[in-house]
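All values below were derived from every heavy atom in this structure, side-chain atoms included, with hydrogens, water molecules and symmetry-related copies excluded.
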Amino acid sequence: MQLVQGKDELLKDFIVRFNRAALGIKELQMSTVVTAMMSGTRNRHFKMSLSKNPSSTMHELLRRGEKYVDAEEAYLITKCMKNRSEPESNKKNIPGEFEPQDNRGKLTQDETRFAANLSGFVTTPVKEDFGGLHPVDFLSWRGMADVEPEKKVEVKEEETIKGGEILFCGTTAWDAVGRRKVSAEWNLVSPTRLRPLMGVYIRSVASGCVSCHCVALDVEGRCYTWGRNEKGQLGHGDTIQRDRPTVVSELINHKVIRAGAGRCHTVVVAEDGLSLAFGWNKHGQLGSGSVKNEVESSPVRCLVSEVKTTACGGDFTVWLTSTEGASILTAGLPQYGQLGHGTDNEYNTKDSSVRLAYEAQPRPKAIGSLSGETIVKVACGTNHTVAVDKNGYVYTWGFGGYGRLGHREQKDEWVPRRVDVFTRNNILPPEAVVSAGSANSACTAGGGQLYMWGKMKNTGDDWMYPKPLMDLSGWHLRCMDSGNMHHFVGADSSCISWGHAQSGELGYGPNGQKSSAAPKKVDILEGMHVISVACGFAHSMVVVDGTNIADKLEQLEIYDGKDAGEVNVEHESGTSVPNKLAKKGSVKKSENLKKRKKLEDSSESEDSEDSEYDSDESEGQLNGDAEHGKKRGGKASGKGRGKNAGKSAMEKKGSGRGRGRPPSATKGSQSAGGKGSGKRGRPKKS
């Protein structure tokens with residue numbers, strides 16, 4: 001459009017004076033006039049026009065009212081302006097660049113003010129796609145008195161949710177992982193496409209460091225689950241294992257935008273701020289307000305509202321809400337203070353017993369010590385929590401073993417405690433990434449530097465306080481998640497993984513290494529833009545942007561999986577590896593049933609049932625889990641953090657009181673004391 005001049009003598013006078021001043025300056029690009037105009041105007045295309053055009057055409061630009069700027073040059077100028085530096089093309093070795101040739105070049109205070117407030121007179125709508133060219137249109141001239149500040153248009157309404165294709169690596173033997181040795185044929189050692197989700201745009205994925213099931217959310221708000229389902233953690237109304245991603249039909253009326261997964265439970269958040277959960281509820285981790293039903297195989301309503309996101313530990317749940325004074329709520333098992341309420345709710349099961357238990361907390365409760373803070377990010381390990389407030393301060397609480405809380409000691413914290421490393425000049429930026437593994441924690445701080453603390457590998461010293469991981473210095477980390485002892489990161493156009501792995505969850509391929517102490521690129525994913533990552537107990541999921549990478553995706557393998565019916569038939573027929581594993585599991589289940597019938601103490605029977613769903617002994621020891629880490633059928637004394645915490649009670653049952661009893665007699669008494677299977681001692685692990 002034409003610049004409206006006409007009768008406006010004020011505009012004409014300004015143009016004449018501006019042109020006179022500009023002609024007397026050697027380098028117009030970085031002169032005080034253009035700098036003032038560029039800082040004053042809100043239209044970046046006009047800024048780029050001013051920066052590109054020489055002084056001889058500036059008058060023509062203002063008079064004519066339109067000018068096209070090359071897109072590449074526009075990007076360069078904009079980038080340099082953001083960094084507050086001058087582009088190399090504009091730098092010239094001329095002394096006194098900002099000095100006028102004579103007095104004609106000096107601007108008066110009024111002229112400078114005219115230049116700085118030019119945007120107040122000119123409105124220039126932004127047009128996005130012009131084939132690499134950016135037009136600048138001067139629509140109208142308005143008097144200074146009539147100028148009103150521009151109202152910012154809400155971008156959220158125009159934002160489109162980005163989705164991509166999900167890739168999976170790790171074990172698919174859901175019923176055996178963490179319990180028995182799994183055959184290598186069940187491991188997907190390279191990132192693999194899942195046929196049921198091909199063509200489905202996935203926005204995010206979720207799992208947990210002790211989870212043996214997966215959750216995926218698409219851009220339409222549908223929720224897909226698959227994996228282990230013995231406690232109804234898939235939400236399909238049954239306890240049948242599913243190898244294929246399946247839509248949770250009872251969530252079809254909710255647009256699900258966030259999800260979290262624990263050991264045997266799942267929590268989702270809908271767009272309207274509601275939260276629903278399903279799975280194991282023995283400790284109240286579903287937040288439904290009751291533990292009457294120990295298993296909820298269908299979604300139930302959590303007693304929270306205005307929920308923004310959620311995260312799950314092994315047997316507890318954390319919700320972040322927009323409610324003032326209650327931005328973070330927790331529910332579930334309080335054993336190591338991981339709920340943050342200043343207590344572990346410990347009590348004796350009987351007056352005459354030294355056996356300890358922990359009172360469940362089924363109703364979500366706000367953390368009182370954080371009522372004055374607004375928590376914006378949270379991540380959960382098996383028994384600890386990491387949170388970040390809006391000011392960038394980091395808080396940790398829960399089980400303190402291996403230094404996973406970052407306080408230079410291994411003491412448990414029952415209330416949130418601020419990590420002193422992330423204060424003053426090293427607070428977390430708004431785009432920071434936070435992650436928590438089974439026995440470690442991580443976050444990105446100033447400059448995008450990744451810090452980690454806790455147990456980093458099986459050998460060597462633990463990191464008792466946050467230390468920078470220098471291998472990832474200079475990388476722009478967008479997303480990160482941690483599994484049992486492995487990590488996945490999406491950075492720039494690469495995917496990076498490292499840690500201890502046995503099932504191919506690092507995605508290095510059949511010829512690659514199983515584990516890696518140092519961060520290493522997943523070569524087959526190089527050049528792909530990672531949208532979301534999630535790590536489980538022995539598996540990993542990555543969501544990649546499918547734009548312009550169709551040829552790369554075609555090179556990846558495709559996994560079909562089996563539907564629920566095929567899994568059941570195969571278990572009965574006895575023709576495959578998982579069927580054999582299932583038979584072993586059924587034997588152990590029958591043994592546990594016989595044990596429970598003989599045990600008089602109801603609390604002991606509960607523990608026997610818990611042990612059926614343990615991951616393994618090392619996981620229990622790693623996280624100090626008294627209930628889930630003990631020997632099968634044993635009693636837990638104290639907090640039971642040791643590997644053999646529950647062993648002594650079982651030995652006392654059948655060994656009598658004598659110390660020097662022959663081994664044969666000891667074994668015989670153990671067998672008679674309640675094994676009930678005819679075998680001597682504990683069944684040997686394969």
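- Counted by atom type alone, Asp344 and Gln335 present zero donor-acceptor pairs between their side chains at under 3.5 Å.
- Partners of Val419 by side chain to side chain contact (heavy atoms under 4.5 Å, CB included), not counting sequence neighbours, listed by chain and number: Val394, Thr396, His407, Val421, Phe422, Pro466.
- Contacts of Ser473 classified as side-chain hydrogen bond (donor to acceptor under 3.5 Å, both in side chains), with partners at least two apart in sequence or in another chain: Gln449.
- For Asp545, the side chain to side chain contact (heavy atoms under 4.5 Å, CB included) test picks out Lys162, His529, Ile531, Thr547, with sequence neighbours left out.
- Of the possible donor and acceptor atoms, one in the side chain of Arg404 sits under 3.5 Å from a partner among the backbone N and O of Gly401.
- Remark: side-chain polar atoms of Thr246 are paired, donor with acceptor, to backbone N or O of Arg244 under 3.5 angstrom.
- Remark: Asp471 pairs with no residue by the salt bridge (Lys or Arg N to Asp or Glu O under 4.0 Å) rule, at least two apart or across chains.
- Among residues two or more places apart in sequence or in another chain, the side-chain hydrogen bond (donor to acceptor under 3.5 Å, both in side chains) test is passed with Asn229 by Asp238.
- Under the side-chain hydrogen bond (donor to acceptor under 3.5 Å, both in side chains) criterion, Thr266 pairs with His213, not counting sequence neighbours.
- Residues meeting the salt bridge (Lys or Arg N to Asp or Glu O under 4.0 Å) test with Asp389, sequence neighbours left out: none.
- Residues forming a side-chain hydrogen bond (donor to acceptor under 3.5 Å, both in side chains) with Ser211 (at least two apart in sequence, or on another chain): none.
- A donor-acceptor contact shorter than 3.5 Å is absent between the side chain of Lys377 and the backbone of Val434.
- At distances below 3.5 Å, at least one donor-acceptor pair connects side-chain atoms of Thr343 with backbone N or O atoms of Asn345.
- Take Glu296 and apply the salt bridge (Lys or Arg N to Asp or Glu O under 4.0 Å) test, not counting sequence neighbours, and it matches no residue.
- Applying the salt bridge (Lys or Arg N to Asp or Glu O under 4.0 Å) test to pairs two or more places apart or on separate chains, those with a residue in residues 519-535 are Lys521-Glu526.
- A donor-acceptor distance shorter than 3.5 angstrom exists from the side chain of Asn281 to the backbone of Leu286, with no hydrogens or angles considered.
- Counting only N and O atoms by type, the side chains of Thr225 and His236 include a donor and acceptor under 3.5 Å apart.
- Of the possible donor and acceptor atoms, none in the side chain of Asp218 sits under 3.5 Å from a partner among the backbone N and O of Ile202.
- A ring pair (Phe, Tyr, Trp, His ring centres under 6.0 Å) check over residues 457-489, counting only residues at least two apart or in different chains, returns the pairs His487-Trp498.
- In the model, Asp243 has a side-chain atom that pairs as donor or acceptor with a side-chain atom of Gln241 under 3.5 Å.
- Arg417 meets the salt bridge (Lys or Arg N to Asp or Glu O under 4.0 Å) test with Glu409, Glu413; sequence neighbours excluded.
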